[in-house]
Amino acid sequence: MSTREKRGAALKAHALEILGRLKSEYPDADCELNFENPLQLLIATILSAQCTDKRVNLVTPDLFRALPDAPALAAADPEKVEDFIRTTGFFRNKTKSLLGMAAAVTERHGGNVPSTMEELVALPGVGRKTANVILGNAFGMNEGVVVDTHVGRLSVRLGLTSETDPVKVETALMPLFPRDAWALLSHLLIFHGRRICIARNPKCADCVLNDICPSSRV
Ligand code: SF4
């Protein structure tokens, strides 16, 4: 085995150890946005930009009740939508994204959120990260790894990649983990990033990964 191959195998073993430990630590790790169908998850994910999932979960029940499907959302008065989502921040831009997305889902897909990466990223306001959230959580498909701020930060701290661009981080993570664990991996890293490996002051002393983490402070 060449040195390069040995390094690759060691990194894969490191990745699997991280996955195993985080699975034991967070057996209930899952999407923290509340939803009952793909459209609701798509709406909640658009609203979650620069906002906590908790805050999103506070506004979505009334929004979903008032505008229950894509045609209703597409035809809604923007000011009415703004009122529902105001507290999630950037509400004017988010309203534009929601109305544009709903119009495209209605016109191009008969009101049903599509289930392919290609069709999802063609919707206004939907990038690869959002598409991965929908595919992984609403359709149970592991097409990629969701790389948000937590996943990006932890991937570097844990020595899984030195990349910081989300798409490059995703490309680095995919070959390290079994495909059927990609959606779960994001949830686990996000759970750990929110509770222990927080941005400013990671709680390394309380971290189940501190003996294998190259950034551990203990
Ligand atoms: S040891 Fe510290 S830096 Fe490493 S994953 Fe745990 S909390 Fe984060």
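Just so you know, ligand 1 is whichever comes first in the structure, and atom 1 is the first atom listed for that ligand.
Looking at Arg21 and Asp211, a side-chain N of the basic residue comes within less than 4.0 Å of a carboxylate O on the acidic one, giving a salt bridge. With respect to Asp62 and Arg65, a salt bridge is recorded, a charged nitrogen being found less than 4.0 Å from a carboxylate O. Taking 4.0 Å as the cut-off between side-chain N and carboxylate O, Glu32 and Arg194 count as a salt-bridged pair. A salt bridge links Glu170 with Arg128; the closest basic N to acidic carboxylate O contact falls under 4.0 Å. Ion pair Arg179/Glu143 flagged as a salt bridge, since at least one NZ, NE, NH1 or NH2 atom sits closer than 4.0 Å to an Asp/Glu carboxylate oxygen.
Every atom of ligand 1 with a heavy atom of Leu158 under 4.0 Å away is listed here by number and element: 5 (S).
Excluding waters, the set of protein N, O or S atoms lying under 2.8 Å from atom 2 (Fe) of ligand 1 comprises Cys204 SG.
Considering CG of Leu185 and NZ of Lys23, their distance stands at 10.0 Å, rounded to 0.5 Å.
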